[in-house]
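Below is one structure; the comments refer to it alone.
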Amino acid sequence: MGHFTDLVESLRSFTPLERRNIAMYIAGIMVYKFGLEAFNGSVIALATNRYDHEAISNGTPSRTFERVGLLTGLNQACQCIGSILIGPLVKRYPTKNVLACAILIFGFCSALLLVIDAATGGSFMPATSRTDQPVYAYYGKYNTDVMIPVYCVCGIVYGMVELIRRVIPRDIVGGNVQKLKKLDSLVHIFYEISGTAGAFTTGLVIIPHLGNNMAFIVTPACFLISAVAWFFISELGFRRRPASLQAVEKPSYFKAALNGLYLFGESIWVGAKILFTSRKFVWLVPGYSVALYAHRFLENNIAPQIAQRYMGNSAWAQIIVGGSNLGELMGAFSVLLFTNAVQTPMPWLRLDALMLLVVWYVPFWHPPRGQVGQAWIAAATFAPISYGWASGDVSLAAYIQASLARIESQNKNVSALGAVMAFLYSFYITTYAVAGTLLGRYLDGVYNRTGGAGDGDGGEVRDGLVFTAGVQMTVISALMLASTFVPRGAFAFNPKMISEEVLEEDDGHVEIEEQRPEPGPVPGESHSLEEGFNKSRSYCSSENWSEPRVEKRISEIL
């Protein structure tokens, strides 16, 4: 009961305004996650079915999972573009307004495939197809490759939303690592509750009744509700620039976006130097980026392979993802529950590494086809894997935010925290985009060589999964486990601190204070607006000489 008592007491540490903002943020994010699961799950299932159907109809070798890997990889690469485009907007408008507008645009973009499908003859799944083997007569008659650019456009606005929603928690509670862990894990708990419900509902109810070409019709409505909820969050310290200052500086949006692109590239370079020249931070590359890649590969590549190739129903991948989300929920709750007992991310990261070895059963599993109960078994095995990842991710994210925010960047344009996160996220995106496509092509080759779709029950992918699932995850597990012993003081099973750094106190916005520009013009003094503006030119500063909260936060999670 001691841990539950600590949990109740820790939640009281938030101020009334913080609790109100947290409540509105969580309400919006739960509805957002439900719609997101319906969208992503349905699109991947739709692409899997359509590419398989094209191969059968045209008598060509299957290229299904090469294309699915490309589809998801490019979508995530486009998220980086979205995160860059959002930077200039948060300089001009409150973060919560930008977030609400971005989610509305995302809702519109998510409806593009619905419009394309309906315009080319697509319809809802007929009742006869719900009991018989799947037929594709109700799909729209368009080239399946059209899904790739559409999903890329969705990725741009997806990146905008994902970036801002991860920025807000630190704006709400500051830099205290304990409060960040509590808030991050609390949000992650409700996020995964909704994600689990969304994945199960999509796989068991929405897709079987509407068809995976129409299942994400619920997504635009969910995103609209999220936008309304997020609009009622307070402005989180945003201060509008004086009208006189805006008259001096009116850069075009595209100029600001291009500047953001340059600064993003500079951030990657600075982040790489910080990471690879310091024992204190070099372990974050395998601990954060590689671990995130492994988790995404399991959900977006391995789960669809199991559902389509083992069980013959691509929609059941959402059941497996639902089990993964349930594991994430339990992992985030564990971090919240044991915040005081486990004070560094090392125990959780080691657990994450060991749990990856569970995936070795996949290449040697022979479930009977067409039985939904087998999908539930796979979901149960994915839960402990994702439990380890979520617990490691939540605690590690709080550690990164708290430790790097205390470092003064030697570059005047980018913060140390923003630079490191830019590199870590870009490393993950690049790894996933390349590996997802190449490994998907390899598995398609194994499938085609063993008979493909035209030989009895179809081809086999188990020999390929020995390497793409078992061997790959073993290598990643060993790399992650070794990285946890790199920082000073990390050899203990449950170290109290690592690299001799205490992160329990508020950071005092160390980096911000040291990069704060000179004060702007004061009424009654002879300073010109242009002079004051030139003194404030910094990527990590606001333009009315107030505390530079908003734009610095945007760079934290690139």
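Excluded from the calculations below are hydrogen atoms, water molecules and symmetry mates; all remaining heavy atoms, backbone and side chain alike, are included. Quick caveat: nothing in here was measured; it's all calculated off a predicted structure.
With sequence neighbours excluded, the residues that form a ring-ring contact (aromatic ring centres under 6.0 Å, His included) with Phe200 are Trp376. Applying the ring-ring contact (aromatic ring centres under 6.0 Å, His included) criterion to Tyr432, with sequence neighbours excluded, gives no partner residue. In this structure Leu74 satisfies the side chain to side chain contact (heavy atoms under 4.5 Å, CB included) test together with Leu70, Ile148, Cys152, sequence neighbours excluded. Looking at residues two or more places apart in sequence or on another chain, you find no ring-ring contact (aromatic ring centres under 6.0 Å, His included) involving Phe382. By the salt bridge (charged side-chain N to carboxylate O under 4.0 Å, His left out) test, Glu192 pairs with no residue at all, sequence neighbours left out. When the side chain to side chain contact (heavy atoms under 4.5 Å, CB included) test is applied to Phe34, the partners found at least two apart in sequence or on another chain are Ser194, Thr201, Cys222. In this view, Ile189 and Ile193, Leu329, Ala332, Phe333, Leu336 satisfy the side chain to side chain contact (heavy atoms under 4.5 Å, CB included) rule, not counting sequence neighbours. Residues passing the side-chain hydrogen bond (donor to acceptor under 3.5 Å, both in side chains) test with Ser110, sequence neighbours excluded: none. With sequence neighbours excluded, the residues satisfying side chain to side chain contact (heavy atoms under 4.5 Å, CB included) with Ile225 are Val31. Not counting sequence neighbours, the partners of Phe216 by the ring-ring contact (aromatic ring centres under 6.0 Å, His included) test are Phe39. Taking the side-chain hydrogen bond (donor to acceptor under 3.5 Å, both in side chains) definition, one finds that Asn212 meets it with Tyr139, sequence neighbours left out.
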Distance-only donor-acceptor hits, side chain of residues 112-120, under 3.5 Å, sequence neighbours excluded:
residue, atom, partner, partner atom, Å
Asp117, OD1, Gly140, N, 3.0
Asp117, OD2, Asn213, ND2, 3.0
Thr120, OG1, Ile116, O, 2.9
Thr120, OG1, Asp117, O, 3.2
Thr120, OG1, Lys141, N, 3.3

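Screening Thr196, Asn325, Thr202, Thr219 against Glu37 for a side chain to side chain donor-acceptor pair (under 3.5 Å) leaves a single residue, Asn325.
Side-chain atoms of Thr72 and Asn300 include no donor-acceptor pair closer than 3.5 Å. In this structure, a donor-acceptor pair under 3.5 Å is present between the side chains of Tyr425 and Gln79. Side chains of Ser324 and Ser386: a donor on one and an acceptor on the other come within 3.5 Å.
Taking 4.5 Å as the limit, every side-chain heavy atom of Leu210 sits out of range of all side-chain heavy atoms of Val205. By the 4.5 Å heavy-atom criterion applied to side chains, Ile274 and Phe281 are counted as neighbours. You'll find the side chain of Tyr142 reaches within 4.5 Å of the side chain of Met147, heavy atoms only.
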*Could you walk me through whether Val43 and Leu71 pass the side chain to side chain contact (heavy atoms under 4.5 Å, CB included) check?*
CA-CA 10 Å; Val43 167; Leu71 181 77; 4.2 Å; yes
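In summary, the aromatic rings of Phe106 and Phe223 are positioned with their centroids under 6.0 Å apart.
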